[in-house]
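Because only heavy atoms are used, hydrogens play no part in the values below, and waters and symmetry mates are left out as well, while side chains stay in.
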Amino acid sequence: WDVTNNELWWSDEIYRIFGLTPQKFGATYKTFLNSVHPDDREFVKSSIEQALYEKNYYSIVHRIILPNGSERIVHEQAETTCDDKQTIRMVGTVQDITKRQRAEMALQESEERFRALFEYAPDAIFLADPESGKIIDANPAASQLLLKPREEIVGLHQSQLHPPFLEQSSKAQFLEHHRLALETKKTTRVEYVVLRSDGREIPVEILAHIFHIQGKPFFQGVFRDISERRQAEKKLRRSEERFRKIFEEGPIGMTIVDLEHRIIQVNKAFCQMLGYTASELVGTKIADISYPEDMPKNRELIKQAINGDISSYQMEKRYIKKDGNLLWGKLTVSFFHNEEGIPLYLLAMVEDITERKLAEEAVLEKTAFIDSILRSSINMAIAATDLDFRITYYNSIAEKIFGYKTEEILGQNFIETHIKKTIEPAKIAEVIEIIKKTEEYQYNVKQEKKEGTYYLESRVSSILDKNNQLVGFLLVSNDIT
């Protein structure tokens, strides 16, 4: 650049860099500045002016705008030639460093992202020399995991992160990780233990792999504290063990059934209850060992549970034993669900209530006999219940006096439907105890109805089976209005 005459001479390569046809561009200082990126123009101008003023050289990097609108990054450097008074000439070079600069910027951004991920990762990260095994860097989470400052971690051999008794195995594990990482180029996983500065051993999951920074290999280990997961797994194992013990050794029959009603597993009590072996029952459908008349209700309840209408259910049903006899069971069913709440299996618990049902049948027979004797007595209301006060018999006089139909009252609780409103709960409990001890209790009660008031003389007595065991209660009320 002839500073005195403001004439500029460029080589063909400079024309190419600026996107111009060689020797077609009016090369002046002003037109040169117009090619500089607007954001860099003041910087370039002041750098050149400073070099001219100080009669010195300059070396700068800046952007230029090509005629097609694209950008390039160039490195310029120049020296000045001076006479006795001023700078008269400036000679320099222009180098297109766009690719190199962008590669350096991409590398810098990549390193910055890595450093951000490294520093702020919630898991402990250790960087080690793959050959020596010595730790060369650790993130804040690593310090938190070991309760050690970074300065005390860097320089340790990776085996020193673990308890002393694991020193040799951890060295062998490191070498194996190194080998696998080199051979497979994949991340390897292992569960191990690290030793904290307070002496506590912490279970960790280690994910290890090799990566390169500027061609240099690094061994990275990501250590995740799995203490909570181990505790959860331990609790789960204990829970599963308790369930297994209850299932296998429980006194009532239990079976696990799939949603196709097929038996998957049975316990000893269920086998003994029906007289089958476990191998004979597994794979069998519930319907194959159930009394046919009870299955429609059972299937409907299972369907309701699968649809989410109910979470569990109870029912009384009959099972067919291996010898062909019937067994009455009180069935309680609950469901196993997956994480989405979808039912997978059902757990059926069956209590043998055959003796109770036979006793109830005996009660029905006995009350029917009593009813046939007293049917002609128009003022005698007769009702019978089981031990839970569920009504098992109700005659026509009871219908008239109390206002319930037999078909609607059977199975209902007598206390809830007949006497809870007229007798205090404490008195009811006292009466029950008296009946159990003396087998009879008498009382008078006033019964309000829309057609008028009834005065009843009532007697409650116990119903005993053939072994003189209490199986129910009998209520006889006489209208003495």
Side-chain angles (χ1 to χ4, degrees), residues 203 226-291 294-295 297-323 325-360 386-388 390 413 469-471:
I226 57 173
S227 301
E228 291 185 2
R229 192 181 82 191
R230 285 283 181 88
Q231 288 295 325
E233 290 172 350
K234 188 175 181 180
K235 289 180 180 178
L236 179 60
R237 285 195 298 271
R238 287 177 178 173
S239 177
E240 289 175 344
E241 178 61 23
R242 285 195 298 268
F243 173 77
R244 185 195 63 77
K245 191 174 183 66
I246 293 171
F247 184 85
E248 293 180 357
E249 302 177 13
I252 65 173
M254 295 188 193
T255 177
I256 298 175
V257 181
D258 65 21
L259 300 186
E260 300 298 323
H261 308 175
R262 196 175 300 278
I263 296 173
I264 298 174
Q265 191 175 349
V266 293
N267 72 346
K268 184 178 179 181
F270 191 75
C271 293
Q272 292 176 341
M273 192 181 293
L274 299 183
Y276 290 98
T277 63
S279 59
E280 289 173 325
L281 288 171
V282 171
T284 301
K285 285 208 168 186
I286 287 295
D288 296 335
I289 56 172
S290 298
Y291 194 65
D294 297 336
M295 279 308 297
K297 180 181 178 182
N298 201 1
R299 289 192 185 96
E300 177 59 27
L301 289 170
I302 292 175
K303 181 180 178 181
Q304 290 179 26
I306 293 174
N307 292 337
D309 299 329
I310 57 175
S311 58
S312 61
Y313 68 87
Q314 284 187 344
M315 66 174 292
E316 293 181 357
K317 59 173 290 188
R318 288 160 288 186
Y319 292 88
I320 303 173
K321 299 171 66 174
K322 187 175 182 179
D323 60 12
N325 290 322
L326 293 181
L327 177 141
W328 272 99
K330 181 180 180 181
L331 173 65
T332 302
V333 175
S334 57
F335 287 78
F336 297 100
H337 299 82
N338 63 11
E339 294 179 354
E340 287 75 37
I342 299 173
L344 298 176
Y345 308 101
L346 59 90
L347 172 65
M349 294 174 284
V350 182
E351 179 184 358
D352 185 351
I353 58 170
T354 305
E355 288 189 6
R356 196 197 81 193
K357 297 300 286 189
L358 292 175
E360 289 175 358
D386 61 14
L387 291 176
D388 295 322
R390 289 177 301 188
N413 187 283
Q469 295 296 314
L470 181 66
V471 295

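Partners of Gln272 by side-chain contact (heavy atoms from CB on, under 4.5 Å), not counting sequence neighbours, listed by chain and number: Lys268. Remark: Glu249 engages Lys245 in a side-chain hydrogen bond (donor to acceptor under 3.5 Å, both in side chains) (not counting sequence neighbours). Applying the ring-ring contact (aromatic ring centres under 6.0 Å, His included) test to Phe247 and every residue at least two apart in sequence or in another chain returns Phe243. By the side-chain hydrogen bond (donor to acceptor under 3.5 Å, both in side chains) test, Asp388 is found to be paired with no residue, residues two or more places apart in sequence or in another chain being considered. A search for side-chain contact (heavy atoms from CB on, under 4.5 Å) contacts involving Ala359 returns Val471, not counting sequence neighbours. Residues passing the side-chain contact (heavy atoms from CB on, under 4.5 Å) test with Glu339: none are found, sequence neighbours excluded. Here Thr354 pairs with Asp352 under the side-chain hydrogen bond (donor to acceptor under 3.5 Å, both in side chains) rule; sequence neighbours left out. For Asp294, the side-chain hydrogen bond (donor to acceptor under 3.5 Å, both in side chains) criterion is met by Arg318, not counting sequence neighbours. With sequence neighbours excluded, the residues that form a side-chain contact (heavy atoms from CB on, under 4.5 Å) with Glu233 are Arg229, Arg230, Arg237. Legend: residues meeting salt bridge (Lys or Arg N to Asp or Glu O under 4.0 Å) with Glu228, ordered by chain and number and at least two apart, are absent.
Shown here is Lys330, whose NZ atom has no more than 12 heavy atoms of other residues, nucleotides or ligands within 6.0 Å.
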Without placing hydrogens or testing angles, list every side-chain donor-acceptor pair under 3.5 Å for residues 297-310, not counting sequence neighbours.
from: Asn298; atom 1: OD1; to: Tyr313; atom 2: OH; distance (Å): 2.8
from: Glu300; atom 1: OE2; to: Gln304; atom 2: NE2; distance (Å): 3.3
from: Asn307; atom 1: ND2; to: Lys303; atom 2: O; distance (Å): 3.3

For residues 281-288, please give each side-chain donor-acceptor pair under 3.5 Å, one per line with the distance, not counting sequence neighbours.
from: Thr284; atom 1: OG1; to: Glu280; atom 2: O; distance (Å): 3.0
from: Thr284; atom 1: OG1; to: Leu281; atom 2: O; distance (Å): 3.1
from: Asp288; atom 1: OD2; to: Lys285; atom 2: N; distance (Å): 3.4

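Here the shortest heavy-atom pairing between Ser312 and Val333 reads CB-O, 3.0 Å.
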